[in-house]
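Notes follow the structure.
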Amino acid sequence: MKRFPPFHDRYPKEIVDCIDSKGWQTFTGIQEAAITTLPTNPGTALPDAILEAETSSGKTEAVFLPLLAWLSGKRRDDAKGFSLLYISPLRALINDQVGRIGPLAQTIGLDVHRWHSGVGKTEKDRARRQRKGILLTTPESIEGFFLRIAHENPEIEAISKVSAVVIDELHAFFDTARGRHLQSLLHRLDLLAGRKIPRLGLSATLSDIDKVAREVLRPKSDVPIEFLRPQKNARKIKIGLKVFIAPDKEDASTKGKKSSPLPLNDQFAKELMKDFRRDARGLVFCNSRGGVDLLQERASTISESSGLTFEAHHSSIPNSKKELIERKMRNEVPDPPKQMVVICTNTLELGIDIGQVQRVVQIDPTFSVAALRQRVGRSGRRGDQGAEGMIYVGERELTADAHPLDQLRIKTFQAIATTQLSLEGSFEEPNHADLHLSTLYHQVISVLREGRPKTTQQLHQLLVLGGPWHAAPELKDEAFFARFLETMTEMRLSLVERVSDDEWRLSTSEEIPRPAYAVFSTPPEYTVYFNGQPIGHLPMTISYRVGDTFVLANGRWRVLNVSDHNRSLTVAKAASAGAPRYGGAAQTPSGLVAARMRAIYRGEKSYTMERDETAAQMVKDGRKAFKKFGLDKNRFLDHGRDVVLFPWCGSRRAQTLVLLLRREGMKASIENFAIAIEAASANDVKTLLAEIKRQPLPEADELAREARQLQADRFDRYLIPYHQRLAYGRRFLARDGVKELVEELLTADAAAA
DNA sequence: GACCTGCTGCGGGCTG
């Protein structure tokens, strides 16, 4: 490899030799940045750091080369203790990384141990015995180590000895219950170690990283954080747009009619054949599992004997099948397909190794800018190849009574807005207001499970004042926190009890259920069997009867037998079938995207992306409809007996507006990028809004009374209603700027009149 | 009209 003096001159010979033998031409930008910046002399303390670069830009080596060089100079004694802790949000990523980190670590005599639920006993026993080297694991397994503390668990002790923690795919922990969980675990590890263990996060460029990642990596940090990013120019990204028109009704009566277009999935499948005709490997992202199954079925049928293979990859496909697909993509099977396209959900959004992909197609727009950027970024990664993405949008054939949202061609504008923002590098801001009370509940129990009773003050200091909940204003108040603990003793399932006035311990009076390791939960699933073999999973929240049909995992099936007790569905092949139903809630629009869509409708933002003729026509039509409805001036639209209101804001303010209207007796709900109000006129709504404007805004927890579903996270059901409403308000509502929004809605309309 | 992620413990069957 080309000589890179900061590496070849400063790094230990064993490590240099190992890298030279890999046949790499040069280091990537992020690797050069890390090698130049991070200390290799154990006399210099390791900093907290964030390495920011795209998936598969060699971030793993970028962080491990300096860490291993640093460790090689450190005197090692015989005492048990791991050297490094690597944390990944995915088991699959750990399995990939063993192969990359293992040989590097071997050069300085360190073993690498995997530890997650898919790792066998033999391998875990080896890690348990050695308690040295590098441990690769998940947040939930770390929770497991903590939960076993009470039973004299030497592993957690050995983990607390590490010189640094590496967190892979740090962006996957932004703004989530799981992220807060990880912060708590790392904080508890620091306390156990009696020092601040350096944290190094690997992140994609998906937000204002300096601000966001700092808070995620180490809340309330008083030590500086190094930000490392490539010096070299970012590679080129191209995103194109194609729009397809769906027939008005996709049923038998329209089939064969000349004037009627083909069903959407047939059009998509044909286009995929064209777009991927020259590529060896491709990825297609859908917004739902059902969408993946249907499109894969159509594409497989249409492409038969063309040499192009289509595979389905989502969470309901068995792991063994998914792993086989990933191996085929990497050409690790005998006689791999020459041309292969995987149709997936966000299962392949994070950095699981799937080799080199030439092109990415997104079916219908994503709801966040970050998702689009991350997905397109999975293409053309080696060398200087730019990323190439294409969005296929399905719009509906317009009828005389078409809904305004269809006339506005909303999906086309959503696709353009997400593309523009993605290319500009503007991403959604995480919601820092989130209280994460469900996760707090989990961590109180986890801390108490360690054994000794704790006082209110101790718990408050550990989790709130000095810990990951430091930024929640309500919780800072010790009385509020004490009340939270007290409610935990009052619930039907009370896992906590008072020892004395001010001391708490894990309940002893009841049978304590098995500990929960994850802060999220998954609904129970049927396993679908064909000929005794599991072919996939379906959620039990949807009921099935004998004779029902569905498409799943590259086949059409008919239900032969349903067993709720065994959680199994037995199926036979069927001649035809529709998409499986998975259930779920509507997707929520982001304010960033909404505001940009409005600008494009108004012609304030041109769009320069590559598009087909239909897309160009859709933009013309959408803008024309926007004018026709007068939406350039006002925000209300009477549609039949209902009103459609266009706030052009993010989902939190929109949801606040919806609850305000419901509180006054209106049947309001969010519908795509608009608010639909049933059985009301624009004038009714305006009168109400004027009234709302005059009154003081209710508190968020008060408004939350109007919400249909208060429970969102795993342990919300164990919280008292007041805490549930508080958590709901902080997560889904925003009072800031709502008065201004109401004002804007009324003035815009007055100006128009 | 949504997507994804994780854990243990136990028992049965197979291999050496």
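Just so it is clear, the structure is predicted and the values come from calculations on it, not from any experiment. Computed from heavy atoms alone, side chains included, the values below leave out hydrogens, waters and symmetry copies.
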Between [atom2] on [N] and [atom1] on [X], what's the gap in Å once rounded to a whole number?
X         : N      : atom1 : atom2 : result
Asp713(A) : dC3(B) : CG    : C1'   : 15 Å
Ile94(A)  : dG6(B) : CD1   : P     : 8 Å
Asp175(A) : dT5(B) : CG    : P     : 19 Å
Arg91(A)  : dC4(B) : CZ    : P     : 16 Å
Leu93(A)  : dG6(B) : CG    : P     : 10 Å
Asn672(A) : dA2(B) : CG    : C1'   : 13 Å
Ile87(A)  : dC7(B) : CD1   : P     : 12 Å
Trp115(A) : dG6(B) : CH2   : P     : 17 Å

Practice prompt. Report the residues that fulfil side chain to side chain contact (heavy atoms under 4.5 Å, CB included) with His403(A), sequence neighbours left out, ordered by chain and then residue number.
Written response: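 For His403(A) the side chain to side chain contact (heavy atoms under 4.5 Å, CB included) partners, ignoring immediate neighbours, are Leu405(A), Asp406(A), His639(A), Val644(A), Glu671(A).
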
Among the nucleotides [options], which one has an atom lying closest to any side-chain atom of [X]?
X         : options                : answer
Thr345(A) : dG1(B), dC7(B), dC3(B) : dC3(B)
Phe367(A) : dG6(B), dG1(B), dC3(B) : dG1(B)
Arg178(A) : dT5(B), dC3(B), dC7(B) : dT5(B)
Arg289(A) : dT8(B), dC3(B), dG6(B) : dC3(B)

Worksheet entry | Side-chain N,O (Ser315(A)) to OP1/OP2 (dC4(B)) below 4.0 Å |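 Ser315(A) to dC4(B) OP1/OP2: side-chain N or O found under 4.0 Å.
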
Practice prompt. Determine: side-chain N/O of Ser141(A) to OP1/OP2 of dC7(B), distance under 4.0 Å, yes or no.
Written response: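 For Ser141(A), the contact criterion (side-chain N or O under 4.0 Å from OP1 or OP2 of dC7(B)) is met.
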
Fill in: Heavy-atom donor-acceptor pair, Ser288(A) side-chain to dG1(B) base, under 3.5 Å
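Check fails, no donor-acceptor contact within cut-off.
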
Practice prompt. Could you tell me whether the side chain of Asn287(A) has a donor or acceptor atom within less than 3.5 Å of a complementary atom in the base of dG1(B)?
Written response: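 Donor-acceptor pair under 3.5 Å: no.
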
Fill in: Step-by-step side chain to side chain donor-acceptor pair (under 3.5 Å) determination, Ser141(A) to His116(A)
CA-CA 6 Å; Ser141(A) 280; His116(A) 59 67; over 6 Å; no

Worksheet item: So what does Thr176(A) hit on the nucleic acid, given a heavy-atom distance under 4.0 Å: a base, only sugar-phosphate, or nothing?
Response: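 No contact.
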
Worksheet item: Just checking Lys124(A): base, sugar-phosphate only, or nothing, at a heavy-atom cut-off of under 4.0 Å?
Response: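 Sugar-phosphate, backbone atoms only, no base.
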
Worksheet item: Do the ring planes of Tyr544(A) and Tyr526(A) sit parallel (below 30°), tilted (30 to 60°) or perpendicular (above 60°)?
Response: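 Ring orientation, 0 to 90° scale: perpendicular.
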
Practice prompt. Measure the acute angle between the ring planes of Phe145(A) and Trp115(A), then classify it against the limits of 30° and 60° as parallel, tilted or perpendicular.
Written response: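 Aromatic pair Phe145(A)/Trp115(A) classed tilted.
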
Worksheet entry | Short side-chain donor-acceptor distance under 3.5 Å, Glu169(A) and His171(A) |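 On atom types as modelled, these side chains qualify, holding a pair under 3.5 Å.
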
Worksheet entry | Residues that Asp266(A) engages under salt bridge (charged side-chain N to carboxylate O under 4.0 Å, His left out), provided they are two or more places apart |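 So Asp266(A) forms a salt bridge (charged side-chain N to carboxylate O under 4.0 Å, His left out) with Arg298(A).
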
Worksheet item: Taking the six-membered ring where the residue is Trp, are the ring centres of Phe673(A) and Phe646(A) under 6.0 Å apart?
Response: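 Phe673(A) vs Phe646(A): aromatic centres not under 6.0 Å.
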
Fill in: Footprint string (nucleotides 9-16 of chain B, 5' to 3'): B base within contact, S backbone only, - free, heavy atoms under 4.0 Å
--------

Worksheet item: Would you say Arg126(A) has more than 12 foreign heavy atoms packed within less than 6.0 Å of its CZ?
Response: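 More than 12 within 6.0 Å, yes.
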
